Structure formats: C-alpha cells, structure tokens
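Since this is a predicted model, take the numbers as computed values, not measurements.
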Amino acid sequence: MALTFYNTLTRQKEVFQPLDAAHVRFYVCGSTVYDLPHVGNARPVVVFDVLYRLLRRLYPRVTYVRNVTDIDDKINARAKENGESIRDLTERTLLAYQADMAALGALTPTVEPRATEHVAEMIAMTLTLIAKGHAYLADGHVLFSVPSMPDYGALSGRNRDEMIAGARVDVAPYKRDPADFVLWKPSGADIPGWESPWGRGRPGWHIECSAMAEKHLGHPFDLHGGGLDLIFPHHENEIAQSVCAHQAPFVGLWLHNGMVEMNDEKMSKSLGNVLTVREMLGEAPGETIRLTLLTAHYRQPLNFTRDSLSQSKQVLDRFYRALRPHRALVVPDDLPLPAGVLAALEDDLNTPQALAELHALATDLNKAASEGAKVEAKAALLGGGSLLGLLAADPEAWLRGGATTSGLADGEIQALIDARIEARGARDFQEADRIRDRLRRQGIEIEDGPKGTQWRRVG
RNA sequence: GGCCCGGUGGCAGAGUGGUCAUGCAGGGGCCUGCAAAGCCCUGUACGUCGGUUCGAUUCCGGCCCGGGCCUCCA
C-alpha cells in the first residue's frame, strides 16, 4: 500500500511523493519553553514521532527538525515573574521538556534548532522580504504585507475579508492592512533584544520557523506538522514568509494533529485545565501515556482522562503478558514490519487500526504452538510495537513494576509464593488460597502455569 | 457572526454502500485443585429528518448537539 496522508492544504488524502526519495525532510513546530509541557503539548511530539519512525523504515535518510522557541514575550514575562534570567528559565524548561518527551518514548529529532541561535537568519529573511516588496517598516516595526501575497489564506481556507470581518482584536494603528503581521519589533531596555538594521529589537513569532526550516531543511521540503490550532495564523504566516522570500512554493504537505481535551474542552494553559506530562509520569509509566495519545486517530480530538490512562495500562499489560513467557526466544535485531501494522500506519497514520493489528499479533503469540511460530510471532509483535514506539520494556520488569507501590518487596512476595508452592505440593489448598488472597490484597496477582508460578502487580 | 471538524454498541475507538473492527466491561464454555492468565463463542451500534439507491451507519441536503480557529496556543 502506498503511503498516504490527509493534507490540510487540499483537505483530502494524498499519496506521499517525497521531493527526494533518498532524503525525506520534515519540520514540526515544537515548544515555547517557559513552562512544563502538558499532555496537549505532548500529542504532536508522540504523533510525529510515529511518523518519524515510519519514514525511517521506508526511506534511507530522514531529517526531522523540531524547533525550540526560546524568544517569546511569555518567556520574558515569566522570567520577570520568577525573578530569574531568561536564559535560566529557557534552559531549565528545555531540559525538562526533553526529559519528559524522552520518557514518552519520543526519539530525539535530527535537529532541535533554537530561535536564539537563528536571529541572524531571521534578520536576513526579513531584509529579503523588504527588498522584494513584501514587508515594510512602520513605527519601528517591520510588518509583512498580506495584500502583497495573492494566495494568502490557502491553508486555513479563509480569505482576507473574512478574517477582517471576524477580527476580534484591535488593529495596531501602524499597520497598512489589518491582516499584516509583525516580522520584527523594537525591544525596550528591559526586554531581550538583538541589534538589527531597524535598531535593537526581537523577531515576531512566525519568522523563526521560516528561517530555521530553511536553514536546516532547505526550500522547499516535504512535510510540515503541528497542532490544529497553529493553522491560523502561525502556519499561514509561515507560508507567506517563506513563499514570498523565495518566490517559490514552500511545503506541499501539511499535517495537523487534533487537540487533547479534558471534559470535552481543549486542554490549554489559558483555560487552566492542563495536566503536565510530569504530573502524569508520577501516576503512570511514560509508555502508558504514549499509548493513550495513540488510541485515537491523530486528527481526532482526544479526551484525556485517568480512565483512558488505566485502559491503556491494561492494553500494555496484555501485550507484555503475551511476551513474558518468551523471554528466552531470540529474535533478530532487525525486527520485521508486520504487514497489517505497516498498512495501518501508511494509511494516514491510523494508529487505532495499528493497535488492533498489534492485538491480533499478541493473540497469534499466545496461540503459537511450535518454537518457530513463537519466534515469528514474538518478532512480529515487537516489530509492530517498535514502529509505534511501544513494547521496548522488559516484560517481567513491566509486569512486576505496576502502577501502585505495593507494601511488599519482591523478596517477600517470592517467599510467600514459595510457601504457597509448598502448601500446594502438600495439597493443602486452604493454606495455598489463604496466601494467594493475602497477596491479592496487596495488589499482587499470581498465575500458576506449566513453568511454575508467576506474579504481577495490578493497579 | 465567518471559516472548519465531528456525533458509532455500557465505555474507549477504527471503518465500510449490501458477511468481521479492535480493546475493556458483561454473558457462556475449555483449561485449572480452585483461581489468574490464555484460548473459543457471545452484542437488534452507527444524532435526527428527508433525498439518491434494489439496498445507507457509509453518498447528498436540512435540522439538532458538541468541538476547534478567527487573540497567545500543540
């Protein structure tokens, strides 16, 4: 099956045709580093991590760029509020972000460019836009002239008049057109600023992505991703800048993930209904959070609840239970790509379908009779899992390290199990059941099998 | 107000013009000393009203409901 994606630009599914089949290049909007990332911030990271894993298996070389926004007025405000330097705030937050995303099983992108390290490129692009008549200087600001670009609005599917009609914000008096947006703005002495041809100032929000994408991926490149809420104005403006600076098409394929919701409402800091990834990592393994983010198709809204988290934990338990008895079976390092999982992901990253395939593979493994069938089934399950960034943990460790902290240490558990085995050997089932009940009350479930008694923590 | 998206069985959540999602929960069986796990079987689901069709949950239109964007936002 051909790799297919729903393109926001055309609002239909299209077969993916890389500009260079030897080297696929894509860009995803990352995070503004002023606060701990919440679960909503994590969704694009996990979703596009699956995309990255898929592309790496399909193409010889993939460059994945995810930016770090460390110039932003919210950062300035937060640093002032905290009484710490901007550098300290962004450094600390970036480290937390990277740690949290790694805990969710996200691979490190090829490049994580920072805005502060690309101001020169942004100034250069701004100069180009002025030279080409797409930007102008007004009241110390450099503004992009939206009317200078006839195609403006193609991504969000709105025309300029509609935008102006629906505008809910006062238009800055220095704008020639209400839709114009800032490329560069002046900085007062108490705000970070960089020297520029227009005096000391700082870049507008959108220009960083245009400049960093160009630097690390060239122009044009294959695919651009981000949250649905970035379509307008961020991505629209990014397109305008890049297209006008180059007088050439920018990106043909745009992917946008749906929002994470709580109580059917978008999770966002401004609404105050956020759960941070860090908070959730205290309640559930990162892999459980990751799976939860993959249970719905990436373009659908995802209602995030503790209940959905425990559902995901149950699913992972099922997979790891299937794998547990086969620890000794050696599978190839180069895991196979199960056809069903691959086909599901090639169809616009249909992760729910891919998970259904994983369930079928787990059933296959549970039913496998011969040694050869077991090896094959185990490799398939792990291979499918790796494409989704799942099932890399040691099954025994996963099952014994459940969500709740039992009062019993592993040694104590084993001692009780040994005692129970002895009782069973003596056919003292009353004693054996008493021990089992005691373990169960401590959150330990035991299973008697042909290879002896195994246990796991439930919760 | 403008632009966009969605409403699937108890829950989560894919998908399809006419036999199946999948998982959890529920019911029955096999296995087990009993369990647990596993395996097998098990569900009159597709917001509503019309239209197209031999046939619609799936296509089209109206309506109702929910969400997103239009301002920072993943």
Side-chain angles (χ1 to χ4, degrees), chain A residues 8 11 28-32 34 37-48 66 69 72-74 77 153 156-159 161-170 179 205 225-234 236 256-261 264-271 274 291-303 305 307-308 310-315 317-319 321-322 324-325 344 347 350-360 362-363 365-367 399 424 427-430 432-433 436-437 439-440 444-450 453-456 458:
Chain A
T8 306
R11 299 188 191 281
V28 172
C29 286
S31 185
T32 302
Y34 73 101
H38 62 251
V39 176
N41 296 314
R43 168 121 97 147
V45 173
V46 168
V47 163
F48 293 113
R66 188 182 65 209
T69 299
D72 182 90
D73 286 351
K74 263 190 225 177
S156 56
R158 51 184 102 200
N159 65 47
D161 293 340
E162 284 166 359
M163 285 181 283
I164 292 164
R168 301 191 310 211
V169 173
D170 291 337
W205 174 33
L228 213 57
D229 53 352
L230 295 183
I231 293 175
F232 188 88
H234 182 55
E236 201 70 81
H256 290 97
N257 62 276
M259 299 294 99
V260 172
E261 303 183 341
D264 299 312
E265 200 176 43
K266 179 183 176 182
M267 182 184 287
S268 81
K269 281 173 189 154
S270 44
L271 288 171
V274 299
L291 177 62
T292 303
L293 292 173
L294 296 174
T295 49
H297 182 87
Y298 77 92
R299 282 191 281 110
Q300 295 301 124
L302 182 108
N303 207 30
T305 63
D307 192 55
S308 60
S310 74
Q311 285 273 329
S312 298
K313 174 66 165 57
Q314 280 191 79
V315 169
D317 283 354
R318 171 171 141 82
F319 293 151
R321 268 199 307 264
R324 168 148 77 168
D347 182 14
N350 192 337
T351 52
Q353 181 59 43
L355 289 168
E357 299 290 342
L358 236 43
H359 278 289
T363 302
L365 180 54
N366 284 330
K367 288 163 75 173
L399 292 165
R424 288 183 74 214
R427 301 197 66 78
D428 182 356
F429 294 123
Q430 212 170 356
D433 291 351
R436 183 171 59 200
D437 288 346
L439 285 165
R440 195 171 275 161
I444 308 300
E445 192 64 66
I446 61 179
E447 299 169 18
D448 299 323
T453 298
Q454 294 186 306
W455 62 271
R456 68 192 157 99
V458 294

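Note on A/V45: nothing from the nucleic acid sits closer than 4.0 angstrom, heavy atoms only. Across all strands shown, A/E261 has heavy atoms under 4.0 Å from sugar-phosphate atoms exclusively, and none from any base. Note on A/G40: a base of the nucleic acid sits closer than 4.0 angstrom, heavy atoms only.
Remark: C1' of B/U22 and CD of A/Q314 are 14 Å apart, rounded to the nearest angstrom. A/I231 has its CD1 atom 12 Å from the C1' atom of B/A74, to the nearest Å. What separates CG of A/D264 from P of B/G6 is a distance of 16 Å, to the nearest Å. Here B/C70 presents its P atom at 13 Å from NE2 of A/H234, a figure rounded to the nearest Å. One atom, CG of A/L355, and another, P of B/G23, lie 12 Å apart when rounded to the nearest Å.
Annotation: side chain of A/K269 is not in contact with side chain of A/K74 (no heavy-atom distance under 4.5 Å). The closest side-chain heavy-atom distance from A/L302 to A/Q300 is not below 4.5 Å. Annotation: side chain of A/T8 is not in contact with side chain of A/L228 (no heavy-atom distance under 4.5 Å). Side-chain contact between A/K266 and A/D229 is present, with heavy atoms from C-beta onward closer than 4.5 Å.
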For nucleotides 10-16 of chain B, 5' to 3', base contacts (B), sugar-phosphate-only contacts (S) and non-contacts (-) with protein non-hydrogen atoms under 4.0 Å give ---SSS-

I need a per-nucleotide contact map over nucleotides 28-38 of chain B, read 5' to 3'. Cutoff is protein heavy atoms under 4.0 Å; write B for the base, S for backbone only, - otherwise.
-----BBBBSS

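Comparing B/A45 with B/G23, their C1' atoms sit 16 Å apart, to the nearest whole Å. The same atom, C1', is picked in B/G61 and in B/U19; the two are 31 Å apart, to the nearest Å. Distance check on atom C1': B/C31 versus B/C5 gives 49 Å, rounded to whole Å. On the C1' atoms, B/G10 is 40 Å away from B/G1, given to the nearest whole Å. Of the P atoms belonging to B/G43 and B/C49, the separation is 26 Å, rounded to the nearest Å. The same atom, P, is picked in B/A12 and in B/G67; the two are 16 Å apart, to the nearest Å. Rounded to a whole angstrom, the distance from the P atom of B/U22 to that of B/G33 is 32 Å. The P atoms of B/C41 and B/A21 are separated by 13 Å, rounded to the nearest whole Å.
Not a single donor-acceptor pair under 3.5 Å links the side chain of A/N350 to the backbone N or O of A/A344. Judged by distance alone, the side chain of A/T292 and the main-chain N or O of A/S312 form no donor-acceptor pair under 3.5 Å. A/E236 places a side-chain N or O within 3.5 Å of a backbone atom of A/S156 that can act as its donor or acceptor partner. A donor-acceptor contact shorter than 3.5 Å links the side chain of A/R318 to the backbone of A/H359.
Aromatic ring centres of A/Y298 and A/H256 lie farther apart than the 6.0 Å criterion allows.
Judged purely by distance below 3.5 Å, without hydrogens or angles, the side chains of A/T305 and A/S308 pair a donor atom with an acceptor atom.
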State the dot-bracket string of RNA chain B. Criteria: Watson-Crick or G-U wobble, both atom distances under 3.5 angstrom; notation: ( ) intrastrand, [ ] crossing earlier pairs, | interstrand, . unpaired.
(((((((..(((.....[...))).(((((.......)))))....(((((..]....))))))))))))....

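Residue A/E445 comes nearest to A/V458 through the heavy atom pair CB-CG1, 4.0 Å, listed as atom of the first residue, atom of the second, then distance. Contact between A/L230 and A/C29 at its shortest, heavy atoms only, is CD1-CB, 3.7 Å.
Each of A/H359 and A/L271 lies near RNA chain B, and the nucleotide nearest A/H359 is the one positioned closer to the 5' end.
Close to B/A74, at under 4.0 Å from its OP1 or OP2, lies no side-chain N or O of A/K269.
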Side chain to side chain contact (heavy atoms under 4.5 Å, CB included) evaluation trace for A/V39 with A/L293
CA-CA 9 Å; A/V39 176; A/L293 292 173; 3.9 Å; yes

